[in-house]
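What you see below is based on every heavy atom in this structure, not just the backbone, and it leaves out hydrogens, waters and symmetry mates. Start at 1 with the first residue, then count along the sequence. Keep in mind that this is a model prediction, so the values were computed, not measured.
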Amino acid sequence: MTTTTLPDAGTAYERKPATYNATLTQVGRGTPMGELLRRYWHPIGVSADASEVPRKVRALGEDLILFRDRQGRPGLLYPHCAHRGTSLYYGRVEDGGIRCCYHGWLFDVQGHCTDQPCEPQGGLSRDRIRQPWYPVEERYGLIFAYMGPPDRKPVLPRYAALENLAQGEFIEANDQSIGGGGPQVIPCNWLQHFENVVDPFHVAILHSSFSGTQFVPQMGVMPEVTFDYTDAGVSATAVRRLDDGKTLRRVGEAALPTLRVIPSPRLAHYGTVESLGWVLPIDDTSFRIYTAGRVRRAGDIARSRSRMNGKLWEELTEEEHQRMPGDYEAQVSQGPIAWHSEENLATSDRGLVLLRRMFKQQLDIVAAGGDPIGVSFDPDAPPIVFAAGNFLE
């Protein structure tokens, strides 16, 4: 009897060139997602970042300069002076705005040129000059910028989770990318992290059985999960049957534009979500997270950073990173932009699928000239309410 040996199949040699979904991942001006995200306000710094020392800011693929004039008004300007292109990073902040170091042109926080000292009478035509700028507002200890079309600028939202304070609570802001599992700036596409918000299953594997208990033992119980659309995004309700007969119901939400509405995985207390995080796409291959939350002690948000063996992420050795990976390792190792063509999605990825579908719907709405979900033009609009939280039943 002759035995036929079949040639090897399915080797890496046969792998087709990989691709990613540019429509969902690219955030520059003129791209579909870039135009959708520009219809919302985004945090671009904590309040202290706006000072008399000009600060470089990069958001949605654009380089900008943030400062605060001596009257206390924050400003966000295009970096290259409208005169001859010198960077305003080297400018001097004054009462009326920021003055370019090269020829002294002065711009206020809305880009108006108010002085040209090298020109007769301070510049007879200075009123015709406008330094490109973006509107900014401060709330919850953060500085928010609107980078979209001026005629579609919505009101800066308020959130019930940050408005309804118990006695002794106050709002604290943080720029350390809490929830990102790594440094302040995370070197991969923002969507790789945002999709993680509606992936409760990874908690029981990555943060528990694989790397050891990174949060609390209850998070290691494999949950029963349901996913739903909400008025602002997608929710994931994870139900865990605990050994003591109680049920932990944990609700998280991914809300437009890029909000992480995730209750503490350490179960410090039960009830509605205590903090919100905004995933800011710096560009197509990096992001950071700004957080604002209710606290009782200054520094509480910073103290919530994950630790393994008592160490922060930057204190771990390479061996420890490999042996005890977290969100940073899982998401950054997907590549600068994950290869979507190589995915094999399963039933546990339903939240991710709903999120991508929701984004596609909103992209179509904006492309057709409409306004995406979650924006309001009513200055008296009530605070946005989220269902997220930890509930012991």
Indicate whether any N or O donor in one side chain lies under 3.5 Å from an N or O acceptor in the other, for [X] and [Y].
X      : Y      : answer
Ser306 : Gln214 : no
Glu163 : Tyr140 : yes
Asp63  : His80  : no
Glu329 : Trp313 : yes

Would you confirm whether [X], through its side chain, and [Y], through its main-chain N or O, come within 3.5 Å as a donor-acceptor pair?
X      : Y      : answer
Thr285 : Ile337 : no
Asn390 : Ser264 : yes
Glu172 : Gly299 : yes

- Query: Given Glu94, which of Arg70, Gln71, Arg99 fulfils the side-chain hydrogen bond (donor to acceptor under 3.5 Å, both in side chains) condition?
  - Reply: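 Exactly one pass, corresponding to Arg99.
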Ion pair [X]/[Y], N-O distance below 4.0 Å:
X      : Y      : value
Asp371 : Arg39  : yes
Lys311 : Glu320 : yes
Glu314 : Arg305 : yes
Glu315 : Arg307 : no

Say you draw a straight line from [atom1] of [X] to [atom2] of [Y]; how long is it, rounded to the nearest 0.5 Å?
X      : Y      : atom1 : atom2 : answer
Arg55  : Ile65  : CZ    : CD1   : 10.5 Å
Tyr40  : Leu36  : OH    : CG    : 5.5 Å
Ser304 : Phe215 : OG    : CZ    : 10.0 Å

- Passing candidate, ring pair (Phe, Tyr, Trp, His ring centres under 6.0 Å) with Phe144, options Trp278, Tyr134, Trp41: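 The residue from Trp278, Tyr134, Trp41 that satisfies ring pair (Phe, Tyr, Trp, His ring centres under 6.0 Å) with Phe144 turns out to be Trp278.
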- Query: Looking at the rings of Phe287 and His193, which for Trp means the six-membered one, are their centres under 6.0 Å apart?
  - Reply: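 Yes, close enough.
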- Query: In chain order, what residues pass the ring pair (Phe, Tyr, Trp, His ring centres under 6.0 Å) check against His112, with sequence neighbours excluded?
  - Reply: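 His112: no ring pair (Phe, Tyr, Trp, His ring centres under 6.0 Å) contacts found.
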